*Asks:* 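Here you go, one structure.
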Amino acid sequence: MRLSTGDKVFQTLIYASLVILGIVMFYPFWNSLVISFNEGRDTALGGVTIWPRAFTLENYNVVFKDTRLLNSFWISVMRTVIGTILSVFVTSLLAYGMSKRDLQLRNYYMIFFIVTMFFSGGLIPTFLLVRNLGLMNTFWVMIIPGLISVYHMIIFRTFFSALPDGLEESAKIDGCSNYGIFFRIVVPISGPIIATIGLFTAVGHWNDWFTGAIYISKDELLPIQTLLRQIMNSNIMTEMSSGNAIAMEHINRNRSITTKSLLMATMMVATIPIILTYPFLQKYFVKGVLIGSIKG
Amino acid sequence: MKINSKPTRRSLFMKQWDLQSMVLPGIIFVFVFSYIPMYGVLMAFQQYDIFAGIWDSRWVGWTNFRLFFNAPEFFNVLRNTIAISFLKLLISFPAPIILALMLNEIRNMAFKRIIQTVSYLPYFLSWVIVSGFVVSLLSVDNGTVNILLAKLDLIEHPINFLSIPEYFWSILVSVNVWKEVGFASIVYLAAIAGVDPTLYEAASIDGASRFKQMYLVTLPCITPVIIIFMILAIGGILSAGFEDILLLASNPILREYSDVIDTYVYRVGIQNSRFSYATAVGLFKSIISVVLLLIANRVARRAGVSLW
């Protein structure tokens, strides 16, 4: 195709803006990574931007020795794995049932679910309910209340409705029950959509700090994001004066580490697991988002 | 006929017990965790007493709502909620559309993929992490933004961005665009991929430049998708944000510009345990949101697109 001068200017402008955009998108992440690998005292002098000036692993060394932090990391891993498996299981089963056109009361169920997407009781009634159910300060508070997402159910349902009818009919003739069909035929061919919803759910679990902040006060149950938020908060409040407890202890012993370098290392530890999963699943989720949004 | 159809229905229901049993756990969960809290909204009209519970607490009518309308924070909270929502609608809403249109013009697949991957990245970071980035980038001592501005000779002294209330809205909206733009563009890219290629051929034969093709072919073709997302955005207009504001405005100095309905509910409800009052404030928001959603949908239906 031949491009006119105007088209060339237009294209150049777009390439240039996208390059700038790419840098702006990536830089904050990169800069924090760099600081986490830079010696704290050196960072305090300023000017560490795109490359570590005094490379060190000491920040990570300190982070990985902190038992409270490691414990929170472990809590986050557990809730992400258990929460994602349970949630995807219950939601997909529900969606499969809902995808059957001859399901009695189907339209009523659908209204029942959709209403919740637009209207909710809000923060306080939900908080009191969770408290009355005795879920406060339990591991399960991070899993049970959010077990079902109506939005994810609709995405699953759209995918299941598009499967060819023949697949299931032949299994039915062979005497397979609906559960048999679901586990032996539908689940194995639904890899992309299960990966997509699984990724969304896992990201949600890994990144959630608010549940931990309002429902959990026991240190040994805090997920890593909530702990990180607490560290940052105490950091902001006492900035320049005393620093937070974990950091101060190490700073007193080892002058090369500062609260900031430690915070950056902690942030990276809380980020990298989720960043590592997504390139593997990227090809799925783009497809998955499309299914959900266009037909939804 | 009527006498006949009833038992048939019930027996059909029993016959599909296995399908129904797949749906049942979902219904129970949604009932417990979504519908019971909706019923709990009644406490907005009570002087809720934790020991008496919702059955026996004293009814006080509209008192809690009146208290909110007369509260000293009312004006600021409402102004911030509306202003922040409006700014988000004005800037965060079109941003992914523009990004998708730009990405669509890129023929170099490797470049396109790099930009896309990088732009999705922030979506996978938690708001806690993002707020950490923001604090670090904007910090007075050695934040990259201050370094950059100083090198460009735009400032003499570093600016403490996160303690100047008037800057809060711009920071909040920029960070939101940064975090969401890439991921939100996926939907529009998909819509663009569905545009009939012959339309472009026809347009280029008629001598339309690339920009005109984008403006006169691509944009009109994805308008239905844009409208649907617009309706959803309007329904959420009073949800100015919650996590982002709570985390970015941890400095109380900012409150005059950062307090919105949701953060206010959190503060008075969870932190000060004024359950009934906070519920009333939350209910006020929900009702206005639902009304806005219904209005937006009705207007859009006139244009031939609708959510339901």
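Lettering of chains follows the sequences in order, A, B, ..., and the numbering in each one begins at 1. Because the structure is predicted, anything quoted here is derived from the model rather than measured.
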*Asks:* Chain B heavy atoms under 4.5 Å from A:Leu45: which part of the residue, side chain, backbone, both or neither?
*Replies:*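 The answer is the backbone of A:Leu45.
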*Asks:* Does a side-chain N-to-carboxylate-O contact under 4.0 Å join B:Arg210 and A:Asp7?
*Replies:*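 No, no charged N to carboxylate O under 4.0 Å.
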*Asks:* Between B:Met43 and chain A, with a heavy-atom cut-off of 4.5 Å, which part of the residue counts as in contact: side chain, backbone, both or neither?
*Replies:*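 Contact with chain A: side chain only.
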*Asks:* Which residue out of A:Leu18, A:Leu228, A:Val203 racks up the most heavy-atom pairs below 4.5 Å with chain B?
*Replies:*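 Counting heavy-atom pairs under 4.5 Å, the top option is A:Leu18.
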*Asks:* For A:Phe112, is it the side chain, the backbone, both, or neither that has a heavy atom closer than 4.5 Å to a heavy atom of chain B?
*Replies:*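 Contact with chain B: backbone and side chain both.
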*Asks:* So B:Gln116 and B:Tyr120, side-chain hydrogen bond (donor to acceptor under 3.5 Å, both in side chains) or not? Walk me through it.
*Replies:* CA-CA 6 Å; B:Gln116 274 189 284; B:Tyr120 300 157; 2.8 Å; yes
*Asks:* Given heavy-atom pairs under 4.5 angstrom as the criterion, report whether the side chain, backbone, both or neither of A:Tyr109 touches chain B.
*Replies:*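 Side chain only.
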*Asks:* Quick one: what part of A:Thr43 sits under 4.5 Å from any heavy atom of chain B, side chain, backbone, both or neither?
*Replies:*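 Only the backbone of A:Thr43 comes within 4.5 Å of chain B.
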*Asks:* Below 4.0 angstrom, N of the basic side chain to O of the carboxylate: do B:Glu243 and A:Arg229 qualify?
*Replies:*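 Here B:Glu243 does not pair with A:Arg229 in a salt bridge, since their nearest N and O are not under 4.0 Å apart.
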*Asks:* Where does B:Ile27 contact chain A at under 4.5 Å (heavy atoms): side chain, backbone, both or neither?
*Replies:*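 Backbone plus side chain of B:Ile27, per the 4.5 Å heavy-atom cut-off to chain A.
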*Asks:* Could you tell me which portion of A:Leu199 (side chain, backbone, both or neither) has an atom closer than 4.5 angstrom to a non-hydrogen atom of chain B?
*Replies:*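 Just its side chain gets close to chain B.
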*Asks:* A:Ile148 versus chain B, heavy atoms under 4.5 Å apart: side chain, backbone, both or neither?
*Replies:*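 Looking at A:Ile148, just its side chain touches chain B.
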*Asks:* If the condition is side chain to side chain donor-acceptor pair (under 3.5 Å), which residues does A:Ser32 pass it with, not counting sequence neighbours?
*Replies:*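 Partners of A:Ser32 under the side chain to side chain donor-acceptor pair (under 3.5 Å) test: none.
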*Asks:* So which of A:Arg131, A:Met268, A:Met153 has the largest heavy-atom pair count under 4.5 angstrom toward chain B?
*Replies:*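 Maximum pair count with chain B is reached by A:Arg131.
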*Asks:* Answer with side chain, backbone, both or neither: which region of B:Ile115 has an atom nearer than 4.5 Å to a non-hydrogen atom of chain A?
*Replies:*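 Just its side chain gets close to chain A.
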*Asks:* Checking B:Leu99 against chain A: side chain, backbone, both or neither under 4.5 Å from a heavy atom?
*Replies:*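 Contact with chain A involves the side chain of B:Leu99 alone.
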*Asks:* Could you pull out all donor-acceptor pairs under 3.5 Å where a side-chain atom in residues 127-135 of chain B meets a protein atom, sequence neighbours excluded?
*Replies:*
residue: B:Ser131; atom: OG; partner: B:Trp127; partner atom: O; Å: 3.3
residue: B:Ser131; atom: OG; partner: B:Val128; partner atom: O; Å: 2.8

*Asks:* Counting only heavy atoms closer than 4.5 Å, note whether A:Asn178 contacts chain B via side chain, backbone, both or neither.
*Replies:*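 The answer is both parts of A:Asn178.
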*Asks:* Which answer fits A:Asp102, side chain, backbone, both or neither, if we ask what part of it has an atom under 4.5 Å from a heavy atom of chain B?
*Replies:*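 The answer is both parts of A:Asp102.
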*Asks:* Quick check with a 6.0 Å cut-off and a 45 degree axis cone: is A:Arg157 positioned over the face of A:Phe160's six-membered ring?
*Replies:*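 No, cation not above the ring by the 6.0 Å, 45° rule.
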